[in-house]
Structures are given as structure tokens and as C-alpha cells.
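Some notes on the structure that comes next.
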Amino acid sequence: MSPNGRFVVFEGPEGAGKSTQVKRLAAWLQAADLKVLTTREPGGSALADRVRDILLDPTLTIDAEAEFLLYSAARAQHVKDTIQPALATHDAVLCDRFAASSTAYQGYGRGLNLDWVASVNAHTTQGLEPHLTILLDLPPETGLARVASRGRVDRLEQADIAFHRRVREAFVNLARDNQGWVTIDATQSEDGVHQAIQEAYARAFGAP
Ligand code: TMP
């Protein structure tokens, strides 16, 4: 299959506002008559949505290796069921988190072997890499306070602050060291973040 669509991934620590910004970017592109699919990880297919429920269940204790393999199982199915087909039929696929979340959360956050994480990621993504990754960056304290004000806190959000600091630092370093990443200050207003995302999209692909 030779995908034509643009694959845009949103990454970031907890409470960065990714889901809101995915919706706003989709609306902006659709207003320009582009065909857009939005999806998210873990999730985006029937199996992956069920795995998501397990992964986020705050009553479960999940071993770090098992956790990574569950995210990976969800991703393998999501790539085949949803992302690859959509890239062949849509102008853009916007995905809330992708393999870099496993690098940041399971690799750097949980301390799993980074080579193993990279190797499994290469398989579950089938080598598919985002054309653009938008990092919505903010301090973990700010993001976790936003999440707490929404009410129910999931299993990952319950992890200690040192874990969330490692995750944030990993994302910042990934954005610095890899091509195709853009970092946006997510402490700005929602409109300010959306504006910065529009500019990043237009710089990467031209005006929609
Ligand atoms: P969300 O809160 O952005 O919907 O993401 C769900 C949680 O799953 C969030 O805490 C980040 C975490 N996560 C990982 O730990 N590894 C992964 O590979 C992915 C995709 C998400």
C-alpha cells in the first residue's frame, strides 16, 4: 500500500490539550475541503479500544513489560485496521499519540530497555513514521493540575511526579533530536496553541 495522506501525530505530557487541538486542526483542514480522519492511541480500533480500557483502569496493577506490550498490541492493530487504510483514502490522518509515547512513557518513564522499545515500535508501526509530530509541551505540574480539575484520574496519571518529569524530558529531547518534530508551548491559550499548530502545519505542507 502506498499511502498518500499526511500523517500528523500529537504528543505531549498529561493535560497538554492534545484532544482539543486535534479536533481544532481537523476542523480547520475540513473547512479547506480536506478529507481528514482523527484517531488516538491507545485506541482507534475495536480491539485497541478494549485494550485502552485495561491500560487506563486505575484499579489494575500492570507490570512495566506487560504495559508496553499492551500498548504495542493496541498499536499493531490500530496501524493495520485504521491508520494505513485511512492514509490511502484521506488527505490527512491526525493521531493523538503514537509510538513516541511508548518511547517516552515506557522507555524513559518506566525505564524499559530503549533498544527493545525501539525494535518493537518498528514492528508494530510497520516502519510507518509521522510526517509531522507536534509536541504540546508543558510542565508536568501544570498538566496534572489540569487533569485533576477534570475529575477522574486514570492509572497513568496516578504515577508519581518524577515519572511525569522523565516523560516530559524525553519528549523535549525527542523533539530536539529528530526531524519532523515541532514543539509548541501548551501553557498558552487554546487559541494561541491552535494558531501555532496552523503555522506548523502550513510550514510543513503548505497552506491547506
Ligand atoms: P491520553 O491520556 O493522551 O488519552 O493517553 C492515555 C495514556 O496512555 C496517557 O497517560 C499516556 C499513556 N500512553 C503510554 O504510556 N504509552 C503509549 O504508548 C501511549 C500511546 C499512551
Side-chain angles (χ1 to χ4, degrees), residues 7-23 25 38-45 47-79 81-83 93-114 116-126 128-130 133-138 140-171 174 184 186 193:
F7 184 35
V8 180
V9 169
F10 286 67
E11 295 283 7
E14 308 300 325
K18 291 178 288 81
S19 52
T20 304
Q21 294 296 338
V22 166
K23 281 191 209 123
L25 179 61
T38 64
T39 186
R40 69 170 178 183
E41 291 209 340
S45 83
L47 175 105
D49 281 330
R50 288 213 215 166
V51 175
R52 179 185 179 92
D53 291 341
I54 295 171
L55 279 163
L56 300 189
D57 184 344
T59 67
L60 288 177
T61 302
I62 305 181
D63 161 80
E65 269 93 3
E67 179 183 270
F68 174 52
L69 292 169
L70 285 166
Y71 279 110
S72 298
R75 179 165 303 122
Q77 196 76 33
H78 183 216
V79 167
D81 279 359
T82 306
I83 299 177
V93 174
L94 312 183
C95 190
D96 186 340
R97 298 195 184 280
F98 194 54
S101 274
S102 283
T103 306
Y105 280 82
Q106 281 67 53
Y108 288 91
R110 300 289 191 216
L112 292 185
N113 181 286
L114 294 171
W116 182 53
V117 171
S119 155
V120 174
N121 280 350
H123 284 277
T124 53
T125 60
Q126 305 203 307
L128 176 68
E129 292 195 7
T133 302
I134 296 170
L135 172 59
L136 298 187
D137 181 49
L138 84 177
E141 291 82 355
T142 312
L144 290 169
R146 287 184 185 175
V147 165
S149 72
R150 284 183 214 148
R152 201 169 154 268
V153 172
D154 70 34
R155 198 181 56 82
L156 273 286
E157 290 157 358
Q158 284 176 344
D160 62 34
I161 190 73
F163 170 81
H164 290 288
R165 290 202 181 107
R166 290 194 296 279
V167 169
R168 193 256 184 125
E169 195 187 343
F171 278 130
L174 285 168
I184 292 173
V193 174

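Counting starts at 1 for both ligands and their atoms, in listed order. Side chains included, hydrogens not; waters and symmetry mates left out as well; all remaining heavy atoms used.
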task: Only heavy atoms count here, so choose which of Tyr105, Tyr71, Phe10 is nearest to atom 8 (O) of ligand 1.
output: Tyr71
task: Could you find the nearest protein heavy atom to atom 7 (C) of ligand 1 and give me its residue, atom name and distance?
output: Leu56 CD2, 3.7 Å
Arg155 bridged to Glu67 by N-O distance under 4.0 Å: yes
query: How far does CG of Leu156 sit from CD of Glu14, to the nearest 0.5 angstrom?
result: 6.0 Å
- prompt: For Arg97, is at least one N or O under 3.5 Å away from an N or O on ligand 1?
  reply: yes
message: Please determine whether a side-chain nitrogen of the Lys or Arg among Glu141 and Arg165 lies less than 4.0 Å from a carboxylate oxygen of the Asp or Glu.
response: yes
message: So if I apply the side-chain contact (heavy atoms from CB on, under 4.5 Å) rule between Val22 and each of Ile134, Asp96, Val9, which one comes out positive?
response: Asp96
message: With rounding to the nearest 0.5 angstrom, report the NE2 to CG distance, His78 to Leu47.
response: 11.5 Å
- prompt: Looking only at heavy atoms, is any part of Glu67 under 4.0 Å from ligand 1, and if so is it the side chain, the backbone, or both, or is it neither?
  reply: neither
query: Among all protein non-hydrogen atoms, which one is nearest to atom 16 (N) of ligand 1, and what is the separation to 0.1 Å?
result: Gln106 OE1, 2.8 Å
Over-ring placement of Arg110 relative to Phe163, 6.0 Å and 45° cut-offs: yes
- request: For Glu41, counting its heavy atoms only, list the atoms of ligand 1 lying under 4.0 Å from any of them.
  value: 20 (C)
- prompt: Do Arg97 and Tyr71 have a side chain donor and acceptor closer than 3.5 Å?
  reply: no
Gap between atom CD1 of Ile62 and atom CG of Leu69 - 0.5 Å precision: 11.5 Å
query: atom 2 (O) of ligand 1: which protein heavy atom is closest, and how many Å away?
result: Glu14 OE1, 4.0 Å
query: Mind checking whether Ser102 has an N or O less than 3.5 Å away from an N or O of ligand 1?
result: yes
Atoms of ligand 1 close to Lys18 [distance to a heavy atom under 4.0 angstrom, numbered from 1]: 3 (O)
Within 6.0 Å of CZ in Phe7, more than 12 heavy atoms from elsewhere: yes
query: At a non-hydrogen distance cut-off of under 4.0 Å, which region of Leu55 contacts ligand 1 (side chain, backbone, both, or neither)?
result: neither
- request: Using a strict 4.0 Å cut-off to heavy atoms of Leu156, name the atoms of ligand 1 that fall inside it.
  value: 10 (O), 12 (C), 15 (O)
message: Please work out, at 4.0 Å between heavy atoms, whether the side chain, the backbone, both, or neither of Arg40 comes within that distance of ligand 1.
response: neither
- request: For Arg75 and ligand 1, answer yes if some heavy atom of the residue is under 4.0 Å from a ligand atom, otherwise no.
  value: yes
- prompt: Touching ligand 1 at all, Val167? Heavy atoms, strictly under 4.0 Å?
  reply: no
- request: Look at atom CD of Glu169 and say whether more than 12 heavy atoms of other residues, nucleotides or ligands are closer to it than 6.0 Å.
  value: no
task: Any atoms of ligand 1 less than 4.0 Å from a non-hydrogen atom of Arg52? List them with their elements.
output: 4 (O)
